[in-house]
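Here is the structure we will look at.
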Amino acid sequence: MAAGLDELLNVQASALQVREARQGLLASNLANADTPNYKARDINFSATLQKVAQARQGPNAPLPLTTTSPAHQIGKNAGADLISGSTQYRNDEQGSIDGNNVDVDYERGQLGDNSAHYEATVTLITAQIHNMLAVIQS
Amino acid sequence: MSLFDVFNVAGSAMAAQSKRLNVVASNLANADSVTSSDGQPYKAKQVVFTAVQMGSDSSTGVKVSAVVDDPGPPQLVYKPNHPLADANGYVAMPNVNVVDEMVNMISATRAYQSNVDVANNAKTMLAKALTIGQ
């Protein structure tokens, strides 16, 4: 169980981040459905979410950086690097002679799946916030 | 990577596909253009798509890097009465393959539509994200 209020939504926030990144990858695949030599890319959602969620909590979680001058740089979001590091190329299902391996039907299916999951996560976050409010106000 | 990048990616693809559609329109319009400004029959044009990095490294858009002339030879049609016929009675017609162009047109239209869909999808997701906590 999460320790503090701020950690309650950790997993969901990470999930949204990974879903967003995946949506971008799927959009890139569809955009390049006719580009010669383009190889479709994707991420393994559950494995990446596990990595990102772990990076956000526990002893290795990044501490918030205090900035006292406009020249100070704000720490980069740890999740972004993890996500771009776990991008993988899709296996050829039906290769074509121009070297492109985007399967438009599959990508569109995955796109629908991803956005449905994203919206489900958002609904879940809202429900969880309502739960927290109910506890606070009761 | 943010969801806003999806708009850039889908937008770049829509722009590229509409350029492709433009080229198809030119080819079909000039399928019978026997001469052009250089005196030669019209040459079919094709677009070259290239993937381009946009914003973060996970978003890859597409652009038309070049519009090239189809290197195929002109179609020789036997029309001895044509003012541009050569000594043997053949007229060099453009190397536009109308069937190919129609297929190209359908393909470009469908690709455009699926990118519109992608952008709409991202819009719905963003609108949903705005309801967090409501």
Side-chain angles (χ1 to χ4, degrees), chain A residues 9 12-13 16-43 48 77 79-81 83-87 98 100 102 104-105 107-108 111-130 132-133, chain B residues 1-17 19-21 46-66 104 107-134:
Chain A
L9 295 171
Q12 275 86 347
L16 281 189
Q17 201 185 354
V18 180
R19 288 275 171 217
E20 259 183 27
R22 181 148 192 257
Q23 192 78 1
L25 281 172
L26 296 172
S28 305
N29 291 348
L30 271 171
N32 286 289
D34 293 316
T35 310
N37 296 318
Y38 179 85
K39 304 290 181 208
R41 295 184 302 166
D42 201 355
I43 44 179
T48 312
N77 189 344
D81 284 340
I83 293 172
S84 61
S86 39
T87 310
D98 67 353
N100 184 300
V102 178
V104 177
D105 300 327
E107 301 295 340
R108 284 193 64 157
L111 198 86
D113 172 275
N114 197 54
S115 48
H117 275 97
Y118 181 91
E119 293 189 16
T121 311
V122 169
T123 311
L124 215 72
I125 290 177
T126 307
Q128 205 149 5
I129 290 173
H130 284 157
M132 283 149 78
L133 280 175
Chain B
M1 180 75 216
S2 88
L3 268 181
F4 290 104
D5 282 351
V6 174
F7 291 114
N8 293 332
V9 172
S12 76
M14 277 148 68
Q17 295 294 348
K19 270 184 197 161
R20 180 177 170 200
L21 216 51
Q46 304 294 347
V47 289
V48 180
F49 283 168
T50 311
V52 278
Q53 196 74 45
M54 303 196 118
S56 68
D57 54 356
S58 59
S59 48
T60 315
V62 61
K63 69 165 188 198
V64 173
S65 58
N104 223 341
S107 173
T109 314
R110 294 286 174 254
Y112 188 94
Q113 284 171 349
S114 69
N115 279 291
V116 171
D117 226 56
V118 171
N120 274 333
N121 226 322
K123 202 177 103 183
T124 320
M125 284 166 75
L126 281 168
K128 184 80 182 175
L130 286 177
T131 66
I132 291 180
Q134 277 178 13

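Each chain gets a letter, A, B and so on, in the order the sequences are listed, and its residues count up from 1.
- Neither the backbone nor the side chain of A:Leu26 comes within contact range of chain B, judged by heavy atoms closer than 4.5 Å.
- With respect to chain A, the highest number of heavy-atom pairs below 4.5 Å among B:Thr50, B:Val62, B:Thr60 belongs to B:Thr60.
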In residues 111-119 of chain B, what donor-acceptor pairs under 3.5 Å come from side-chain atoms, sequence neighbours left out?
{"from": "B:Gln113", "atom 1": "OE1", "to": "B:Arg110", "atom 2": "NH1", "distance (Å)": "2.9"}
{"from": "B:Ser114", "atom 1": "OG", "to": "B:Ala111", "atom 2": "O", "distance (Å)": "3.2"}
{"from": "B:Asn115", "atom 1": "ND2", "to": "B:Ala111", "atom 2": "O", "distance (Å)": "2.9"}
{"from": "B:Asp117", "atom 1": "OD2", "to": "A:Arg108", "atom 2": "NH2", "distance (Å)": "2.8"}

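- Residues of residues 36-43 of chain A that come within less than 4.5 angstrom of chain B, heavy atom to heavy atom, are A:Pro36, A:Tyr38, A:Arg41 in numerical order.
- Contacts of A:Thr126 classified as side-chain hydrogen bond (donor to acceptor under 3.5 Å, both in side chains), with partners at least two apart in sequence or in another chain: none.
- The two residues A:Ser28 and B:Ser59 come nearest to each other via the heavy atoms OG-CA, 3.4 Å.
- Counting heavy-atom pairs closer than 4.5 Å to chain B, the top residue among A:Thr121, A:Ile129, A:Leu111, A:Asn114 is A:Leu111.
- Among A:Ile125, A:Thr87, A:Val122, the residue with the largest count of heavy-atom pairs under 4.5 Å with chain B is A:Val122.
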What pairs of donor and acceptor atoms, side-chain ones from residues 125-134 of chain B against any protein atom, are under 3.5 angstrom apart with sequence neighbours left out?
{"from": "B:Lys128", "atom 1": "NZ", "to": "A:Thr123", "atom 2": "OG1", "distance (Å)": "3.4"}
{"from": "B:Thr131", "atom 1": "OG1", "to": "B:Lys128", "atom 2": "O", "distance (Å)": "2.5"}

Working note: B:Asn121 + A:Gln23, criterion side chain to side chain contact (heavy atoms under 4.5 Å, CB included); need CA distance, chi angles, decisive distance, verdict. CA-CA 9 Å; B:Asn121 226 322; A:Gln23 192 78 1; 4.0 Å; yes
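- For A:Leu30, the parts lying under 4.5 angstrom from a heavy atom of chain B are both the backbone and the side chain.
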